[in-house]
**Q** 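Quick one: structure below, then a few questions.
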Amino acid sequence: MFVTCMFSGIITGFISNTALVVLMIPVIAGAAVKSCGKLHPKYLLMGVAVEATVGESISLIGGAPNLAAQGTLVDAGVETMGFFSCAPLTLVLVVITAVNFSTIGYNILVKTCNFDDPLVREEPADEKKAVDCPRWKQIVAIAVLVGSIICFILEIADNQIITFIGCVILWTTGVLRVVPSLKQIDWNTMWVLNFCLVVAGAVNTSGTGAWVADNILSVLGQNANYTTIILCVAAIGGILTQFMSNTATNAMFTPICIALAQRIGVSPLAVVIPALVMVNNAVTTPIGSPCMTVSLAGGYRPKDYLLVGIPLVIILIPFTVLASLLFYGV
């Protein structure tokens, strides 16, 4: 459980977390068959899906919410995030989540998931013939991925330009065909992301973010310190994201965090990053994020997500505050 959780939590920072969970389903099922009943996919898959959600803030390209928050920072004209700005805090939460699923979370799964494992078959199905993919295509694909990440980190060019160049290389070399790859793009996500950026811009320019920040400070007190602010945004963000899209939540919450940071005289990133990382943890429902929806293949019921997710979110909030004080505190 710990190994699969850590693997998912780290890898999801560099590839689609939805694709990661899809790829892990047959891996987990195959491992269960070879373990002769020692491993249970219905326990492992939940941990993989949750970690794929928690770990998406390791890098800037880990998920749409990160890009939404970055776009809001750019529009506000303040300091923006680097490629691994959220990594220190996110890695702490990834480890905490893995430990949770290896102990408390595992016990909860054993008690609640009292149903037949849909991913386990008594007799393995006939294996499909592996796709005959030339080794050189695999090498080119990996080289483009690693090269893109290096360019992101070194900030050689804008992220969208680096990504486009990577696509052109894959198309011209024949690793991918242009039309089929364009059809696989989730255009709905792109529209939602851009819509969220428009809403965030309106919240920022209209003064709504500053108004909400002033009201929060009026409740907390004008002398509220950084610790109090982080606890507040982590708790509010962690709760809101369970009921609405984490991308939309981040886009609308980021201007408020910027205003709060300016009111107490700290760097906007010191407030935005903890809020972003916590808002990404939409794990208490199967619709919190696409990868959580994919995990329904494990046969889980809505109550299973609640019983596992709520304790985890409660645990992650104080660790978010402590890690923020360590890595971003002023």
**Q** Is there side-chain contact between Tyr305 and Leu296, with heavy atoms separated by less than 4.5 Å?
**A**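 In short, these two side chains touch, coming nearer than 4.5 Å.
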**Q** Identify, with sequence neighbours excluded, every residue that meets side-chain hydrogen bond (donor to acceptor under 3.5 Å, both in side chains) alongside Trp136.
**A**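 Trp136 satisfies side-chain hydrogen bond (donor to acceptor under 3.5 Å, both in side chains) with no residue once adjacent residues are dropped.
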**Q** Counting only N and O atoms by type, is there a donor-acceptor contact under 3.5 Å from the side chain of Lys42 to the main-chain atoms of Gly299?
**A**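 No; judged by distance alone, with no hydrogens or angles, the pair does not exist.
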**Q** Does Thr228 have any side-chain hydrogen bond (donor to acceptor under 3.5 Å, both in side chains) partners at least two apart in sequence or in another chain, and if so, which?
**A**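 With neighbours one apart ignored, the set is Asn225.
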**Q** Once you round to the nearest 0.5 Å, how far does CE of Met46 lie from SG of Cys113?
**A**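 It comes to 5.5 Å.
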**Q** How does the hydrophobic cluster around Ile310 look, that is, which other residues are in it when side-chain heavy atoms under 4.5 Å mark a link?
**A**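 Under the 4.5 Å side-chain rule, Ile310 groups with Leu306, Ile314.
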**Q** Can you pull the ring pair (Phe, Tyr, Trp, His ring centres under 6.0 Å) pairs that have at least one residue in residues 265-295, sequence neighbours excluded?
**A**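 Found none.
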**Q** Ring pair (Phe, Tyr, Trp, His ring centres under 6.0 Å): which pairs involve residues 272-294, sequence neighbours left out?
**A**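 Sorted pair list comes back empty.
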**Q** Under 3.5 Å, side-chain donor or acceptor atoms of residues 25-35 against the rest of the protein: list the pairs with distances, not counting sequence neighbours.
**A**
from: Ser35; atom 1: OG; to: Ala31; atom 2: O; distance (Å): 3.4
from: Ser35; atom 1: OG; to: Ala32; atom 2: O; distance (Å): 2.8
from: Ser35; atom 1: OG; to: Lys38; atom 2: N; distance (Å): 3.4
from: Ser35; atom 1: OG; to: Leu39; atom 2: N; distance (Å): 3.0

**Q** Decide if atom CG of Asp116 counts as having more than 12 heavy atoms of other residues, nucleotides or ligands within a radius under 6.0 Å.
**A**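 Count not over threshold, so no.
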**Q** Report the residues that fulfil side chain to side chain contact (heavy atoms under 4.5 Å, CB included) with Ile169, sequence neighbours left out, ordered by chain and then residue number.
**A**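 Side chain to side chain contact (heavy atoms under 4.5 Å, CB included) check on Ile169 returns Val144, Ile165, Thr173.
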**Q** With side-chain hydrogen bond (donor to acceptor under 3.5 Å, both in side chains) as the rule and sequence neighbours excluded, what pairs involving residues 277-290 come up?
**A**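 Residue pairs passing side-chain hydrogen bond (donor to acceptor under 3.5 Å, both in side chains), neighbours aside: Thr53-Ser289, Ser57-Asn280, Asn66-Asn280, Gln242-Thr284, Asn250-Asn280.
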**Q** Hey, what do you get for OG1 (Thr72) to CZ (Phe253), rounding to the nearest 0.5 Å?
**A**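 The OG1 atom of Thr72 sits 12.5 Å away from the CZ atom of Phe253.
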**Q** Hey, what do you get for OG (Ser102) to CG (Asn107), rounding to the nearest 0.5 Å?
**A**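 Here the rounded value is 10.5 Å.
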**Q** Where do Tyr226 and Pro274 come nearest, in terms of heavy atoms and distance?
**A**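 Residues Tyr226 and Pro274, closest heavy atoms: OH-CG, 4.3 Å.
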**Q** Is there a continuous path of hydrophobic side-chain contacts, each under 4.5 Å between heavy atoms, that joins Val54 to Leu322?
**A**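 Cluster IDs for Val54 and Leu322 differ.
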**Q** Please check if Phe327 and Val279 belong to a single hydrophobic cluster, counting links between Ile, Leu, Val, Met, Phe, Trp and Tyr side chain heavy atoms closer than 4.5 Å.
**A**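 Hydrophobic grouping puts Phe327 with Val279.
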**Q** Verify the cluster assignment for Leu60 and Val74: are they in a single hydrophobic cluster under the rule of side-chain heavy atoms below 4.5 Å apart?
**A**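 No, Leu60 and Val74 fall in different hydrophobic clusters.
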**Q** Parallel, tilted or perpendicular for Phe14 and Phe84, by the 30°/60° rule?
**A**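 The arrangement is perpendicular - the two ring planes meet at more than 60°.
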**Q** Spell out, yes or no, whether Ile15 and Val22 are grouped together once hydrophobic residues are joined by side-chain heavy atoms under 4.5 Å, including indirect joins.
**A**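 Shared cluster, yes.
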**Q** With Leu326, which residues qualify under side chain to side chain contact (heavy atoms under 4.5 Å, CB included), at least two apart?
**A**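 Checked Leu326 against side chain to side chain contact (heavy atoms under 4.5 Å, CB included); zero matches.
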**Q** What pairs of residues pass the salt bridge (Lys or Arg N to Asp or Glu O under 4.0 Å) test when at least one of them lies in residues 300-320, not counting sequence neighbours?
**A**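 Listed by first then second residue: Arg301-Asp304.
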**Q** Where do Ala52 and Leu20 come nearest, in terms of heavy atoms and distance?
**A**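 Minimum heavy-atom separation between Ala52 and Leu20: CB-CD2, 4.2 Å.
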**Q** Would you say that more than 12 heavy atoms from the other residues, nucleotides or ligands in this model lie under 6.0 Å from the CZ of Phe164, or not?
**A**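 At most 12 heavy atoms, drawn from other residues, nucleotides or ligands, come within 6.0 Å of this atom.
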**Q** For the SG atom of Cys86 and the OH atom of Tyr328, what is their distance to the nearest 0.5 Å?
**A**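 So the SG of Cys86 and the OH of Tyr328 are separated by 5.5 Å.
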**Q** Got a donor-acceptor contact below 3.5 angstrom from the Glu51 side chain to the Ala98 backbone?
**A**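 Side chain of Glu51 to backbone of Ala98: a pair is present.
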**Q** What are the two closest heavy atoms between Val283 and Met292, and how far apart are they?
**A**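 Shortest heavy-atom separation between Val283 and Met292 comes out as O-CE, 3.6 Å.
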**Q** Identify the heavy atoms of Leu45 and Ala297 that sit nearest to each other, and give their distance.
**A**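 Heavy-atom minimum between the residues: CD2-C, 4.3 Å.
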**Q** Can you list the residues that meet the side chain to side chain contact (heavy atoms under 4.5 Å, CB included) rule with Tyr106, with sequence neighbours excluded?
**A**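 For Tyr106, the residues satisfying side chain to side chain contact (heavy atoms under 4.5 Å, CB included) (neighbours in sequence not counted) are Met1, Tyr43, Val110.
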**Q** Specify the closest pair of heavy atoms between Pro286 and Thr293, including all atoms of both residues, with the distance to one decimal.
**A**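 Pro286 and Thr293 have their closest heavy atoms at O-OG1, 2.6 Å.
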**Q** Applying the 4.5 Å side-chain criterion to the ILVMFWY set and letting contacts propagate, would Leu307 and Val313 be lumped into a single cluster?
**A**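 Linked, Leu307 and Val313 end up in one cluster.
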**Q** Report, as yes or no, whether the 6.0 Å neighbourhood of atom CZ on Phe319 holds more than 12 heavy atoms from other residues, nucleotides or ligands.
**A**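 No.
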**Q** Is a side-chain N or O of Asn17 found less than 3.5 angstrom from the main chain of Thr12, in a donor-acceptor match?
**A**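 Such a contact is absent between Asn17 side chain and Thr12 backbone.
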**Q** Name every donor-acceptor pair, under 3.5 Å, that has one atom in a side chain of residues 229-237 and the other anywhere in the protein, sequence neighbours excluded.
**A**
none

